[in-house]
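A quick write-up on the structure given underneath.
By convention in this document, chain letters (A, B, ...) are assigned in the order of the sequence lines, proteins followed by strands, and residues within each chain are numbered from 1.
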Amino acid sequence: MEVYNTLTRQKETFQPREPGNVYIYVCGPTTYNYIHLGNARPLVFFDTVRRYLEWKDYKVLFVQNFTDIDDKIINKAAEEKRDPLELSRSYINEYFKDAGALNVRRADIHPLVTEHINEIINLVEKLVDNNHAYVVDGDVYFEVRKFAGYGKLSRRTLDDMQAGTRVEVDARKRDPLDFVLWKAAKPGEPHWESPWGPGRPGWHIECSAMSLKYLGINFDIHGGGFDLVFPHHENEIAQSEAATGKPFVRYWLHNGFITVNEEKMSKSLGNFFLVRDILAQFPAETVRFFLLSTHYRSPLDFNDEELAAAGRGLERIKTSIGLLAEALAKACRQDARDLIAGQIISRKHTFDMRLDEFKDSFEAAMDDDFNTALAIGTCFDLAREVNTAVQRLGESISAADRASLHKAMELFTAFNEVLGIFKVGEDGAVLISSVAEDESDLTEGLIGLIIKVRQESRKKKDWGTADRIRDGLKDLGIVLEDTPQGVRWKKQG
RNA sequence: GGCGACAUAGCCAAGUGGUAAGGCAGAGGACUGCAAAUCCUCCAUUCCCCGGUUCAAAUCCGGGUGUCGCCUCCA
């Protein structure tokens, strides 16, 4: 397996610190608002990374923090006259709703900054003690000039960066790029006691403190959006390695941006789409599918047309799984009949799919720096193979074909374990039923009745009535398909 | 101003030296009462432009153009 490491700017063979175990830290959101689509991309992508590693039988420890105290939270809380910590708690709750809808699994550990103040203070003390940090008026700054490797992740030298400095420099800093590890509290702000007086952690130190606590030195994967490369991750490396004297992280993975109308989506530009607003318009599985349909390092432009197109593509895969399930059900009934007749009739083997090839190509795609776009291509290839086969099989299905059908379903299920596009039932099988789960027996019965009546009209070649019923149901969001095997109905996707 | 990324069909998108995956849209055909779904066929002699290296380049090198991003909170 190869992963692209931002630190070396190339694909490297993935070798975890401990064979068989992978330790991952992903920078989570600052909880002062609902998450937007730009937040959703790393969530979905790193969730997929985690799923894939587990699929490959790695034992994964996955940590994602919440930044639950910082300027933005304090400001927003002041605006709304709320307690900052209460505010961030409430957005953490909302985060779980949105992420859950996107089928993003909870991390093994979701550490909060406010619950790791001691660890943070200890780390800052270490940096002060070993002269990598200095104290000014209750603030503690990291001294970048004292850390030789500063700039190695973002590939910039300190002098490069000075030339482009756009903010006014705090005269108390020894270097304009020195960044705050501990921030003295202003009156009325949330604060914790520390050796330097009451204050709160700077932004970067939390991730170092918490990742080192849970994952140890030199853990495997640290992820986040590309905009975190500088300064956030650069600073994490500096402070962590200055404190421990050892390499901080083995592989740095960064996802590209979501753009809207070709422009970066960001909270400050105000052009962001909240996940929950998008989910009001599009099924969550379509959104997840859309996010995974482009390689994670490429930019991804968001617009309704592309999302709708993704939905239509996804529908194709769903249909295929549905056809497969139908054929399997038929095969099972036939199994029962054959058993009753005392024989399993072995017919000519007609459904010899290249099933193992699909698994291989899926795995090869994911092994190549998590190429989900290519892996999805394999899903489409499998769908076509299944559709062709199912169409050809007809009424009597041989034992060999039954085995192939099962195998094809297992493949869809396996691919979905990684991609997480479809929800799965308790038995682990993909749920693609177009009938909503809350569909009542009454609805089912009514539609069944209507279909029966329509079939009688069709028998009498009363096409006018038959079409009126079909059109009428379509207006209600129920799509009827007359197939050689009978009438099939589904809710409009 | 400094640094970096990207440019593949109408649209989205894989592909980093061996002769252009896949999806959406579109055209034709099979099936169907019609539709839908499905299947089959077609849909980039060519990968922004110009040079170069090579038996061979979308892929490597140089130059140009364009787009985007980072250097400030950001996923």
Side-chain angles (χ1 to χ4, degrees), chain A residues 9 11 26-30 32 35-46 67 70-72 75 151 154-157 159-168 177 203 223-232 234 254-259 262-269 272 289-290 293-295 297-301 303 305-317 319-320 322-323 361 365 368 371-381 383-384 386-392 458 461-464 466-467 470-471 474 479-485 487-490:
Chain A
R9 307 281 155 125
K11 285 184 195 170
V26 178
C27 288
T30 301
Y32 68 107
I35 57 168
H36 58 72
L37 192 63
N39 295 305
R41 167 118 97 152
L43 293 181
V44 167
F45 170 64
F46 287 106
T67 299
D70 109 324
D71 287 349
K72 294 188 292 281
N75 292 340
S154 53
R155 301 263 162 141
R156 277 177 274 217
T157 67
D159 298 317
D160 282 347
M161 289 185 274
Q162 312 257 299
T165 304
R166 280 197 248 154
V167 268
E168 72 274 29
L177 285 151
W203 172 39
F226 223 95
D227 52 351
L228 293 181
V229 170
F230 189 89
H232 186 54
E234 192 70 63
H254 293 98
N255 62 276
F257 296 115
I258 302 265
T259 57
E262 317 271 300
E263 199 179 41
K264 182 183 167 183
M265 166 173 355
S266 73
K267 290 181 183 178
S268 55
L269 281 174
F272 57 90
F289 180 78
F290 173 71
S293 64
T294 298
H295 184 87
R297 282 190 282 116
S298 301
L300 176 57
D301 193 55
N303 58 70
E305 292 72 38
E306 284 313 318
L307 212 45
R312 286 190 292 271
L314 184 59
E315 197 61 34
R316 193 175 148 70
I317 296 173
T319 300
S320 180
L323 291 170
S361 60
D368 184 10
N371 193 335
T372 51
L374 193 55
I376 284 172
T378 301
C379 295
F380 280 108
D381 292 338
R384 161 156 295 145
V386 164
N387 291 341
T388 304
V390 166
Q391 182 166 281
R392 210 174 42 207
R458 291 184 71 212
K461 296 198 191 301
D462 179 2
W463 309 124
D467 290 350
R470 189 172 60 197
D471 293 345
K474 189 168 186 204
V479 179
L480 255 47
E481 294 172 7
D482 301 322
T483 74
Q485 290 81 38
V487 183
R488 191 181 292 136
W489 71 273
K490 63 179 181 185

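Among the atoms of the strands shown, base atoms are found under 4.0 Å from some heavy atom of A:Gly256. If you check every strand for non-hydrogen atoms under 4.0 Å, A:Arg458 touches a base. As judged by a 4.0 angstrom heavy-atom cut-off over every strand, A:Asn255 is placed among the base-contacting residues. Within the nucleic acid shown, A:Gly38 comes within 4.0 Å of at least one base atom, counting heavy atoms only. Among the heavy atoms of the strands lying under 4.0 Å from A:Leu374 is at least one base atom, whether or not backbone atoms are also near.
Contacts of A:Arg41 classified as salt bridge (Lys or Arg N to Asp or Glu O under 4.0 Å), with partners at least two apart in sequence or in another chain: none. Residues that satisfy the salt bridge (Lys or Arg N to Asp or Glu O under 4.0 Å) test with A:Lys11, not counting sequence neighbours, are A:Asp368.
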Quiz item: Taking only Watson-Crick and G-U wobble pairs with both distances under 3.5 Å, what dot-bracket line describes RNA chain B, where [ ] shows pairs that cross earlier ones and | shows pairs with another strand?
Solution: ((((((((.[[[..)..(...]]].(((((.......))))).....[[[[[..)....]]]]])))))))....

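Atom CG of A:Asp301 and atom P of B:rC24 are 20 Å apart (whole Å). Note: CG (A:Asp482) to P (B:rC34) measures 11 Å, nearest angstrom.
Look at A:Arg155 and you won't find any side-chain N or O under 4.0 angstrom from OP1 or OP2 of B:rC70.
Contact of A:Asp227 with B:rG69 (side chain to base): no donor-acceptor pair of N or O atoms is detected under 3.5 Å.
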Table of protein N/O atoms under 3.5 Å from nucleotides 16-19 of chain B N/O atoms:
none

Listed pairs, N/O of protein and of nucleotides 6-11 of chain B, under 3.5 Å:
| unit_1 | atom_1 | unit_2 | atom_2 | d |
| --- | --- | --- | --- | --- |
| B:rC11 | O2' | A:Glu306 | OE2 | 2.6 |

Atom pairs under 3.5 Å, N or O on each side, protein against nucleotides 25-29 of chain B: can you list them with distances?
| unit_1 | atom_1 | unit_2 | atom_2 | d |
| --- | --- | --- | --- | --- |
| B:rA25 | OP1 | A:Arg312 | NE | 3.3 |

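With its ring centre under 5.5 Å from that of the base six-membered ring and a plane angle below 30°, A:Trp463 counts as stacked on B:rG33.
A:Asn387 places a side-chain N or O within donor-acceptor distance of the main-chain N or O of A:Ala383, the cut-off being under 3.5 Å.
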